[in-house]
Amino acid sequence: MTDLPTSPFPALLVGLPILVATLSLFFRPRGKAVVGLMGCLLTGGLGLIALVEVMQQGTVIHILGGWDPPLGILLRMDSLAAVFIGMTAVVGVFISLYAWWFFRAREATNGGFPLFWPLWLFLWAGLNGLFLSNDLFNLFVTIEVIGMSAVALAVLSGKTAAQIAGLRYLLAAITGSMAYLFGVALIYGSTGTLDLGLLRQVLEPGATTTFALLVITLGLMIKMAGFPFHFWLPPAHSSALAPVSALLSALVVKGAFYILLRLWMEVFGVSITFSAGQLIGLAGAIAVIWGSWQAFMQTSLKLIVAHSSVAQLGYLLMIFPLLILAPGVAAGSADWLSPAWTAGVYQVMAHAFAKASFFLSAGIIIMALGHDHKGSLRDLASRMPMTVMAIGIAGVSLIGLPPSGGFFAKWMLLKGIFLSGQWWWAPVVLAGSFLTAGYVFMLLRLAFATAREKEPFRPVPKGLEVCALLLALGSFLIVLPAEYLIQFLESSEAFGSGIQSIMEGGTYGND
Amino acid sequence: METYQIYILTSAVLFVIGMGGVFMARHFIKKIIATIIMGGGVFLCFVSFAQRDALTFADPVPHALVITGIVVAVASAAFALALARRIYQLTGEESFTNDK
Amino acid sequence: MMIKEVITVILLLVGCFFFLAGTLGVLRFPDLFSRLHALTKADNLGLGFIAAGMALHIASPWAALKIISIWLFTLLASSTTCYLIARFQKEQDQPKNGKEPG
Amino acid sequence: MSVLIDLLLAILTVYLALQCLLAQRLSQSVFLFFAFGLALALAWVRLGAVDVAITEAAIAAGFMGVLFLDALRDFSPAVSENQEDLKAVQNPPSKNATKSLLLPRLALGLGLGLFLLIALEAVWKTPDGGGLTAAAVALLPESGVEHPVTAVLLNFRAYDTWLEIGVILLGLLAIYAAGGINLYRKPGVAAKDPLLRQVILFSTPVLFLFGAFLLYFGKTGPGGAFQAAVLWGAIGIMLHLGGWPVFAVLPRWLGQLILTLGLGFFLVLGFLFMARGDALFEYPPAYAGILILIVETLAAISIAAALTTIYANINQMQEEPKQNESTT
């Protein structure tokens with residue numbers, strides 16, 4: 001482990017945003033925004049440079065304090081982490097630019113929400129830290145950084161609805177992290193280490209490991225709003241300021257998913273049964289159908305988009321049953337593992353780009369019209385063609401029509417489903433797509449319909465529309481380097497691996 | 001029965017009490033207190049293991065983790081309390097109205 | 001040696017008695033003022049006896065000093081709190097301008 | 001005999017936790033919460049975790065308890081009964097409504113009971129992983145301090161501790177975000193009581209000295225930055241209550257500097273050594289002791305300032321006028 005090349009980037013990716021956030025506190029509101037934006041661009045650039053570094057060098061590490069695990073903490077940047085960091089960098093930079101114009105436009109009335117910048121930089125540092133962390137307890141600290149800054153951003157608007165939703169979100173987040181930490185305590189007690197790499201070697205199956213897996217999964221499911229713990233997500237995401245909604249749905253919920261994936265695949269393999277995977281998949285499937293249906297029934301644009309997040313996150317959970325091999329299936333013969341992993345990573349990226357673009361567009365519409373009732377979208381195509389185009393493109397990616405990133409993800413998911421013979425998931429994927437098509441086309445139909453009476457309309461800065469459109473295009477462009485990207489991802493140990501599930505009925509090792 | 005075994009059982013009980021409290025309590029403040037009780041259970045679990053693994057002194061790593069954890073938990077609880085009080089000022093509500 | 005231990009035990013027992021009396025008082029007394037009285041006076045006395053017993057028991061004078069200072073700080077804190085609570089209650093009991101006591 | 005004490009303490013802790021959640025009046029909950037925190041602190045002393053006990057008593061029970069106590073001024077001023085009971089009196093629910101509420105609660109209760117059984121089995125059967133005591137002992141001489149917990153906090157796992165100091169600052173920012181957009185508030189109403197002010201003035205230097213003692217003692221025994229910070233934070237809170245709002249009278253930049261010094265210096269020091277070619281937070285063993293002491297001192301100052309400011313902000317939420325609603 002420690003013979004891997006050392007790089008300063010992992011440390012910088014966490015340290016720098018927090019340093020800039022701290023510095024920005026010294027400035028007055030306008031200065032906070034300038035320093036904050038600079039910090040965001042810097043962090044984004046750093047993320048991309050780090051991605052290139054990993055592409056050239058392979059996995060890099062940073063041994064914090066010079067103390068080897070298990071006593072010390074190791075930051076580890078493999079290709080999976082690098083791709084997530086790169087995605088955060090790109091989406092983060094666009095959202096930051098949008099936020100700059102968005103808050104400039106409202107500076108006169110609301111003071112421009114200067115606290116957005118330090119909080120967002122803290123959030124970014126937390127996300128980078130989470131992707132890089134290789135230590136169970138350190139992961140807890142990073143999810144707390146993410147959780148607190150995310151809730152603080154969500155309540156920034158000062159609206160009552162946002163604050164009630166924010167408190168619900170915060171209580172769910174604290175409960176989730178405490179459940180996670182209970183699992184960590186049990187794992188530490190039974191192995192004496194917190195390092196993921198060492199844990200994989202020493203973790204033994206048993207009642208304690210199974211229970212730890214249960215509470216850790218429970219905690220992370222609460223954090224990523226997996227069914228049935230999705231209740232906090234729609235109100236929190238829909239009541240936040242537009243750039244914040246985009247951040248929350250594009251990036252924050254993916255953090256918990258990333259840990260869940262890593263821990264299941266890299267650490268807890270010894271305790272996972274085939275039916276556990278099916279259960280998670282079932283939760284995902286219900287989320288897909290329920291979330292899409294709810295989105296279809298909503299009347300305001302932001303609520304539609306927020307419910308759609310529940311559904312899109314459901315797809316992510318549906319890759320878990322595919323990655324767990326039934327007893328007796330050899331890992332070598334399972335040719336559906338790579339498509340399933342690809343589906344997961346691409347679903348994360350496509351959703352991040354498309355959903356960010358969707359929320360940013362919703363923010364533009366609210367800024368122009370003053371509200372976001374879906375009926376008001378009438379005749380928007382002639383007045384804001386760029387925004388409607390962004391919604392259209394992002395919507396196509398969410399539905400999963402070719403040649404979008406969303407299509408690629410769902411196609412790979414279906415491929416994995418059929419190759420593995422778990423055909424019962426396929427109708428869910430298709431039904432989800434149809435329901436998504438339902439609400440996306442409903443919105444587009446309204447946008448192109450002629451209005452009976454013209455609503456008052458305020459012009460919005462062009463920069464906002466460009467950011468939303470570029471992000472929407474991003475959800476298509478990610479398909480172009482697919483082949484190269486998958487090849488790169490395969491250099492990560494986790495990517496393409498499956499779990500040899502243990503027999504049902506608990507054949508515990510040392511019971 | 002050794003000391004650490006008593007407390008480790010207590011830790012599980014506290015964790016479940018706290019978890020139940022988060023879901024079942026109605027008042028904001030009680031929900032926040034419940035999260036702290038949950039945390040108390042988790043930290044007790046860590047510290048019990050530290051005592052079990054003691055040589056000349058108890059295992060220092062869980063102690064350090066717990067100190068970190070307590071501070072983090074208190075920071076989020078303080079934030080939750082601030083939000084709860086703000087909501088009470090704005091609406092006069094002391095619990096989620098459409099609570100499950 | 002023997003005598004010192006006997007004195008310690010006696011001091012601890014007396015301290016326990018006062019604590020018990022104080023607790024009983026808090027539970028049984030009718031109103032806030034008499035409860036405060038039980039809580040602060042009897043309990044502080046009890047703590048004082050226990051502290052004295054422990055100080056005698058511990059050989060090192062440095063540790064004994066620490067124990068005594070614990071008692072002094074508790075005295076300071078509890079008398080201040082007692083005074084503040086009592087004053088608050090008194091203000092509540094004598095409403096100005098006919099306002100209802102809350 | 002000693003098992004009996006532990007058993008009693010364990011039962012007391014569980015009882016207090018339950019009562020705290022079941023209490024009818026909010027004030028009871030809050031006072032039982034103090035008691036719960038102190039019982040837990042005793043449990044930690046029994047388990048040989050003196051550092052944790054001090055932290056628990058000071059931050060979890062003390063600071064958090066004070067915040068809860070302060071919140072009592074706010075929620076349902078005159079009526080302290082549970083809100084649901086009050087509502088039930090005002091408009092008695094139909095039998096159906098009670099029934100529909102009872103069933104999910106029963107299911108939840110049963111589920112929790114089952115969960116408790118699995119949890120008890122899991123913790124009871126935890127295999128002995130051995131912990132990291134031996135590893136920590138082996139590397140202690142290189143850490144620059146003699147107390148193993150301080151070595152883990154400030155050297156072996158300094159990254160976690162640094163992030164944690166960040167979380168405290170983040171908590172303060174989050175409270176600003178929840179309360180509105182003003183970074184600075186004017187001080188609240190000062191306590192007029194002469195006795196209170198005298199007691200506060202008397203306690204301030206004592207608490208300061210005690211905090212400094214804990215901070216320095218952290219090198220060799222239980223104590224350290226967090227414990228010291230809470231004591232110093234208590235000074236700030238008391239001064240605030242006594243009518244000397246320390247942070248509101250400081251110039252703005254100085255206040256910010258004090259708040260961010262711990263986090264910033266910790267990181268900048270780390271970056272400096274990184275520029276030399278070491279890893280982040282890697283200290284040369286020869287200087288580790290003194291560097292850790294400096295980092296701890298600054299961290300303690302910053303945390304104390306953050307705790308004071310958090311209290312001052314939450315304390316003044318009541319007087320804060322309603323913020324005008326803004327459109328998304």
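All values below come from the heavy atoms of this structure, side chains included, with hydrogens, waters and symmetry mates left out. Chain letters run A, B, ... following the sequence lines, proteins first and then strands; every chain starts at 1.
- At a threshold of 4.5 Å between non-hydrogen side-chain atoms, the residues D/Phe156 and A/Ile73 do not count as touching.
- The minimum heavy-atom distance between A/Ala207 and D/Glu121, with the atom names listed, is CB-OE2, 3.9 Å.
- Nearest heavy-atom pair, A/Leu156 versus D/Ala177, reported as atom, atom and distance to 0.1 Å: CD1-CB, 3.7 Å.
- With a 4.5 angstrom heavy-atom cutoff, D/Trp162 touches chain A only via side-chain atoms.
- Interface remark: A/Asp135 contributes side-chain atoms only to the contact with chain D (heavy atom separation under 4.5 Å).
- Using a 4.5 Å heavy-atom cutoff, the side chains of D/Val123 and A/Thr208 are not in contact.
- Looking only at side-chain heavy atoms (C-beta outward), D/Leu259 and A/Leu25 stay at 4.5 Å or farther from each other.
- Taking the six-membered ring where tryptophan is involved, the planes of A/Phe211 and D/Phe115 are tilted, since the angle between them lies from 30° to 60°.
- Formation of a donor-acceptor pair under 3.5 Å by the D/Glu282 side chain with backbone atoms of A/Leu64 is not found in this model.
- Residues D/Glu142 and A/Trp67 form a side-chain contact, since some pair of their non-hydrogen atoms from C-beta on lies under 4.5 Å apart.
- Of the listed residues (D/Val167, D/Asp278, D/Val268, D/Leu163), the one with the most heavy-atom contacts under 4.5 Å to chain A is D/Leu163.
- Heavy-atom pairs under 4.5 Å with chain A peak, among D/Leu257, D/Val152, D/Thr133, at D/Leu257.
- Of the listed residues A/Thr191, A/Asn138, A/Leu12, the one with more heavy-atom pairs under 4.5 angstrom with chain D than any other is A/Asn138.
- For the pair A/Ala11 and D/Leu280, the tightest heavy-atom approach, listed with the atom from each and the gap, is CB-CD2, 3.7 Å.
- The neighbour count for D/Tyr287 OH, taken as heavy atoms of other residues, nucleotides or ligands under 6.0 Å away, does not exceed 12.
- Looking only at heavy-atom pairs under 4.5 Å with chain A, the residue among D/Gly131, D/Ala174, D/Gly171, D/Gly270 that has the most is D/Gly131.
- Contact of A/Leu214 with chain D is made through the side chain alone, with heavy-atom distances under 4.5 Å.
- For D/Phe271, the part lying near chain A is the side chain, with the backbone staying farther off; criterion is any non-hydrogen pair under 4.5 Å.
- Taking both residues in full, the closest heavy atoms of D/Leu132 and A/Pro70 are given as CD2-CG, 3.5 Å, listed atom of the first, atom of the second, then distance.
- Although no hydrogens or angles enter the test, the distance criterion places no donor-acceptor pair under 3.5 Å between the side chain of A/Ser190 and the main chain of D/Pro127.
- Between D/Thr260 and A/Phe26, the closest side-chain pair of non-hydrogen atoms falls below 4.5 Å.
- Looking at every heavy atom in both residues, D/Leu173 comes nearest to A/Pro118 through CD1-CB, 4.1 Å.
- At a 4.5 Å heavy-atom cutoff, the contact between A/Val215 and chain D is made by side-chain atoms alone.
- By number of non-hydrogen pairs under 4.5 angstrom with chain D, the leading residue of A/Val202, A/Val151, A/Ile18 is A/Ile18.
- Annotation: D/Tyr159 is not in aromatic contact with A/Phe137 [ring centroid separation under 6.0 Å not met].
- At a 4.5 Å heavy-atom cutoff, A/Phe140 makes no contact with chain D through either its backbone or its side chain.
- D/Ile175 CD1 to A/Met148 CE: the interatomic distance, rounded to the nearest 0.5 Å, is 7.0 Å.
- The NZ atom of D/Lys125 sits 10.0 Å away from the OG1 atom of A/Thr210 when rounded to the nearest 0.5 Å.
- Considering only heavy-atom pairs separated by less than 4.5 Å from chain D, the leading option among A/Ala125, A/Gly65, A/Gly192, A/Gly363 is A/Gly65.
- Contacts of D/Leu267 with chain A are made by side-chain atoms alone, with heavy-atom separations under 4.5 Å and no backbone atom involved.
- Only the side chain of A/Leu194 comes within less than 4.5 Å of a heavy atom of chain D; its backbone N, CA, C and O stay farther away.
- For A/His62 (side chain) and D/Ala279 (main-chain N/O), no donor-acceptor pair under 3.5 Å exists by modelled atom type.
- Looking at A/Thr22, both its backbone and its side chain come within 4.5 Å of chain D, counting heavy atoms on both sides.
- Heavy atoms closer than 4.5 Å to chain D are found nowhere in A/Leu23, neither backbone nor side chain.
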